[in-house]
Amino acid sequence: MVDTPAPPIPPYLAMLNPEQREAVLHTGKSGDAVHPLLILAGAGSGKTRVITTKIAWLIRERGVDPRSILAVTFTNKAAREMADRARLIDERAGDAMLRTFHSFGAWFLRRNGSLIGLNNAFVIYDDDDVAALLATLLEDTPKAEVKQIAHNISRAKDFFLGPESPELDLIDHRKQFRQIYARYEERLAQIGNVDFGDLIKKPVEILQGQPDVARRFRDRFRVIMVDEYQDANIAQFELLKELCGPDTYVCVVGDDDQSIYRFRGAEVRNILEFPHRFPGTDIIRLERNYRSTEPILRAASSVVARNESRLGKELRSERGPGKTPVLAFLPNQDEEAGFCAKLIENSVKGGAGSGKGGVSGKPDAGAAGKDKAAEQPKAGSPAAAFSDWAILYRTNAQSLGFETEFLRRGIPYRVVGSLKFYEREEIKDALALLSFLVNPRDEIAFRRVVNKPTRGVGPATVDRIVDASTGSAASLGGDLGAAAKELLPELSAKARAGTEAFLKVIEDGRTLLADQDEAKSKEVKKQARKSKDREELRAGEGLSVLVVHLVKDSGIADYHQTNDEISGNQRLNNLQELANAASLYAPNIDGLLEFLEHIELDRSLEDDTNKDKTKDNAVTLITFHNTKGLEFRRVIMTGIEQGIFPREDKQDEELEEERRLFYVGATRAMDELYLTSCAMRRIFGRTMPEEPSLFLREIDKSVLRIIGDAPYGFGSGTGGGHGGYGIPAGIRPQHRSDSRPPADCTGLGGSPSHWQRGDRLYHDDHGYGAVIEVRDSEEGPVVRVQFETGKELRFLSLHQGSRFTKIGRDS
DNA sequence: TAATCGATCTTTTTT
DNA sequence: AGATCGATTA
């Protein structure tokens with residue numbers, strides 16, 4: 001070893017623990033080899049701190065040019081946070097490229113897409129657009145099937161498989177799939193847009209096919225870091241590989257126990273096999289957890305430890321002992337919501353200091369702070385803020401019950417993730433107008449808005465225009481606007497007028513954008529301001545001028561405001577919100593492209609409804625998946641029942657993934673963890689008996705307190721002695737009376753179809769009635785029923801699952 | 001050709 | 001319970 005005098009350790013390094021510091025200081029250089037680095041970072045081990053510190057350190061102490069650093073994440077939030085925190089240590093980190101995989105891919109394609117014939121003014125299709133495009137290719141195919149195919153195509157791209165790849169059969173073995181995929185690719189190329197998977201797959205293809213481009217990029221990026229590497233799919237792995245030259249320094253960070261995106265192509269093997277794929281890899285483990293207390297960590301670990309395929313890692317709590325996690329057995333989901341509500345109310349009422357809020361729920365906040373241990377809750381539980389709490393559930397649908405209950409009790413809450421802002425009809429309409437404006441070949445956008453509001457341009461006319469654009473007249477190059485214009489003379493008066501009107505809207509939009517000299521834009525603005533009537537859209541700065549103009553001019557705004565009496569104004573607000581978001585972008589084509597790309601890739605823009613509730617002090621309602629990277633002082637994991645979590649069809653590898661999901665959820669909790677499991681639950685509108693989740697049996701019982709009526713092998717959770725559990729009497733779960741369901745829940749018992757005249761029945765919607773005629777048809781027996789209400793209805797099939805119950809027969 | 005009604009089927013998780 | 005599909009109706 002060469003002796004160099006130890007330089008003083010700068011404070012930003014001094015606060016790291018030895019493993020963290022080792023990870024930061026690792027450069028991979030030994031001799032002329034460059035060793036890649038794999039950081040196995042357990043939950044709450046200060047992973048983000050390590051990455052950001054490492055970036056800053058490389059710039060500061062190693063003289064690495066910030067522009068030569070590329071750091072990729074999976075979510076925009078993570079990317080933003082990383083940028084913010086790195087910049088905090090060293091300003092220059094702002095010049096490093098910190099992006100999500102997809103946004104990097106889009107950035108790459110805007111510059112290099114032309115090499116494979118992609119116009120740089122492409123728009124990114126989301127899943128719905130993909131399905132819509134497929135639907136035009138597959139007439140008369142049920143929506144569900146189209147979606148399935150869309151999903152499979154997306155999976156194929158995740159695995160870097162094209163329509164010709166032999167392995168395609170592993171994704172979808174149906175013979176036509178290959179052909180449909182090929183047709184889809186062809187049509188998408190004609191349109192000139194890309195889908196999500198293309199943002200990864202196409203850059204890899206370019207890098208593979210064009211050595212000079214690859215060289216250029218390898219030259220530019222000397223350091224590449226990947227966060228949440230366990231979530232990378234095969235295509236992303238390929239991209240990483242292509243970007244890495246012999247002396248690129250690669251550092252990936254991840255946790256195999258937190259790999260939860262297999263369903264969308266994430267490949268755990270990426271991280272498990274990283275050392276083989278990148279020979280010479282050094283591995284550093286971060287196993288000190290600064291977030292959760294000991295019992296919480298033990299409970300979480302005891303479950304995930306049952307998994308077979310994991311690298312193995314033992315998390316140790318730096319926070320020491322704490323409250324034992326509580327498992328509550330409850331009668332049904334209403335009680336579950338009530339239980340959570342009372343738990344929260346009691347904790348908040350607890351005393352002064354409540355209502356400050358905004359403390360937790362911050363991603364990975366100060367994970368390495370040793371001082372944190374001092375804040376440990378005392379026995380008597382200090383008062384909590386609403387924002388200390390998070391309710392976790394497996395599926396978004398489960399949020400409803402909590403929302404209802406919290407609304408009723410006035411508990412502030414905020415729903416994360418299901419924000420569907422960009423899925424709203426009015427927003428999609430507006431975006432379609434904008435998309436069509438930049439890309440007149442966009443069939444999907446065109447179809448969406450050409451006859452909205454109704455302009456007399458029916459499907460037949462639309463098809464003609466689309467055919468004309470792609471057909472013989474190659475001169476049109478797929479331009480739908482041009483094709484429409486050319487067809488005008490041949491259309492009926494009504495269709496012609498409508499088409500012309502639509503074309504004018506788009507034309508005016510383009511003009512507005514083209515001569516966006518200050519005078520013009522101000523004029524529009526002034527005019528918009530003048531009409532100060534209530535609920536009027538107002539144009540502000542930048543691109544919002546165009547958005548507002550287009551939305552009004554096209555009639556989309558009016559259409560939604562008047563068509564929907566109840567929420568018309570809400571819809572208008574949403575459009576306004578979209579316009580506001582657009583104000584940050586330049587009023588020209590490039591700005592518009594940027595805006596659309598941003599929207600497609602970062603859907604975190606909040607809904608207007610949610611804004612009201614986004615007081616900084618609110619309970620968080622969130623799916624397990626969405627909690628990754630977050631932490632909360634108190635967490636309630638709900639619906640921990642067999643069939644719900646894990647889902648019933650999960651086995652083997654997929655079961656292991658569910659287990660990891662459980663682990664992710666539990667390790668979000670800092671101070672207190674609760675789990676709830678119901679005996680009955682409404683599913684598809686019917687109440688079904690439930691069983692406790694397998695995972696509940698797997699938890700180390702020495703770190704679990706069971707309350708409520710525990711079924712089967714869960715020991716004596718019943719009865720009186722809750723005394724020492726620290727659960728106030730008022731919120732003790734009630735015992736369920738009897739969990740057996742009624743004998744026959746499925747409606748019609750017995751033979752399905754043997755109805756005859758005179759049968760009496762009960763229909764869920766129409767009440768009592770009697771069969772007055774039975775007739776056979778091709779589809780099966782047709783039954784005519786006379787209801788007490790006087791209604792007379794005919795029903796095609798009265799087999800299982802229908803809403804009838806036979807209750808007897810007239811003589 | 002759009003709107004309405006009833007039957008049937010559906011549910012993960014998301015960049 | 002909610003979305004979606006298909007058929008019947010105005």
Side-chain angles (χ1 to χ4, degrees), chain A residues 72-79 99-106 124 126-128 140-148 151 154-155 157-158 195-200 228 231-233 235-236 259-266 333 392-398 400-401 404 416-420 422-423 451 454 456-461 494 600-604 622-628 639 643-650 654 657-658 660-662 664-665 682-687 747 763-766 777 779-780 782-783 785 791 793-804:
Chain A
V72 269
T73 63
F74 281 85
T75 66
N76 293 284
K77 205 165 64 182
R99 286 176 179 260
T100 65
F101 259 112
H102 290 90
S103 117
F104 174 78
I124 302 162
D126 67 13
D127 292 354
D128 285 340
D140 297 330
T141 309
K143 209 166 189 171
E145 201 180 328
V146 171
K147 277 214 172 123
Q148 177 65 46
H151 180 248
S154 155
R155 285 301 296 282
K157 292 188 176 182
D158 288 343
D195 61 24
F196 254 87
D198 287 338
L199 294 177
I200 311 296
E228 305 277 14
D231 287 336
N233 60 35
Q236 284 157 341
S259 171
I260 54 174
Y261 286 113
R262 183 192 156 86
F263 68 91
R264 92 182 176 207
Q333 59 193 350
L392 277 49
Y393 37 78
R394 183 67 229 284
T395 63
N396 278 308
Q398 286 166 261
L400 210 75
T404 320
V416 175
S418 71
L419 304 169
K420 314 215 166 111
Y422 292 108
E423 280 167 37
N451 198 31
T454 322
V457 187
T461 310
K494 202 170 71 172
E600 218 44 72
L601 297 181
D602 183 359
R603 312 210 134 189
S604 61
I622 191 170
T623 63
F624 282 98
H625 280 87
N626 266 323
T627 60
K628 202 155 67 154
I644 305 263
F645 192 21
R647 280 185 65 83
E648 51 204 334
D649 44 339
K650 300 293 179 181
E654 289 192 317
E657 175 143 321
E658 296 276 301
R660 292 192 288 265
L661 189 55
F662 183 95
V664 167
R682 268 192 310 279
I683 297 169
F684 298 153
R686 294 223 176 261
T687 302
H763 186 279
D764 284 2
D765 296 332
H766 305 288
S777 77
E779 318 272 333
V782 174
V783 179
V785 180
K791 252 190 201 162
L793 295 167
R794 282 176 303 167
F795 301 101
L796 186 54
S797 50
L798 294 179
H799 43 67
Q800 281 174 6
S802 72
R803 310 188 172 280
F804 301 90

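When reading the values below, keep in mind they use all heavy atoms of this one structure, side chains included, and skip hydrogens, waters and symmetry mates. Each chain gets a letter, A, B and so on, in the order the sequences are listed, and its residues count up from 1.
- Remark: the separation of the C1' atoms in C:dC5 and B:dT12 is 23 Å, to the nearest Å.
- In terms of position on DNA chain B, the residue among A:Arg394 and A:Phe101 whose nearest nucleotide sits closer to the 5' end is A:Arg394.
- Counting only heavy atoms from C-beta on, A:Phe684 has its side chain closest to C:dA1 among B:dT15, B:dT13, C:dA1.
- On the C1' atoms, C:dG6 is 23 Å away from B:dT11, given to the nearest whole Å.
- Ion pairing between A:Glu658 and A:Arg394 holds under the 4.0 Å rule for side-chain N and carboxylate O.
- As judged by a 4.0 angstrom heavy-atom cut-off over every strand, A:Phe624 is placed among residues making no nucleic acid contact.
- When each of A:Glu654 and A:Thr73 is assigned the nucleotide of DNA chain B with its nearest heavy atom, A:Glu654 is the one assigned upstream, toward the 5' end.
- Take A:Asp127 and apply the side chain to side chain donor-acceptor pair (under 3.5 Å) test, not counting sequence neighbours, and it matches no residue.
- Under the rule for a side-chain contact (heavy atoms from CB on, under 4.5 Å), the partners of A:Ser154 that lie at least two apart in sequence or sit in another chain are A:Asp158.
- Distance NE2 (A:His151) to C1' (B:dT13): 10 Å, rounded to an integer number of Å.
- A close approach under 4.0 Å does not occur between any side-chain nitrogen or oxygen of A:Thr75 and OP1 or OP2 of B:dT14.
- At the heavy-atom level, A:Phe74 lies under 4.0 Å from the strands shown only through sugar-phosphate atoms.
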So which protein nitrogen or oxygen atoms get under 3.5 Å of nucleotides 4-6 of chain C's nitrogens or oxygens?
unit_1: C:dC5; atom_1: OP1; unit_2: A:Lys143; atom_2: N; d: 3.2

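- Considering only residues two or more places apart in sequence or on other chains, A:Thr623 meets the side chain to side chain donor-acceptor pair (under 3.5 Å) condition with A:Asn626.
- Remark: A:Thr75 engages no residue in a side chain to side chain donor-acceptor pair (under 3.5 Å) (not counting sequence neighbours).
- Residues that satisfy the side chain to side chain donor-acceptor pair (under 3.5 Å) test with A:Glu145, not counting sequence neighbours, are absent from this structure.
- Looking at A:Arg647, its side chain has no donor and acceptor atom pair within 3.5 Å of the base of B:dT13.
- Between A:Phe624 and A:Phe645, the ring center distance clears the sub-6.0 Å criterion.
- Note: CG (A:Asn76) to P (B:dT14) measures 14 Å, nearest angstrom.
- Between A:Asn396 and B:dT12, a side-chain N or O to OP1/OP2 separation shorter than 4.0 Å is absent.
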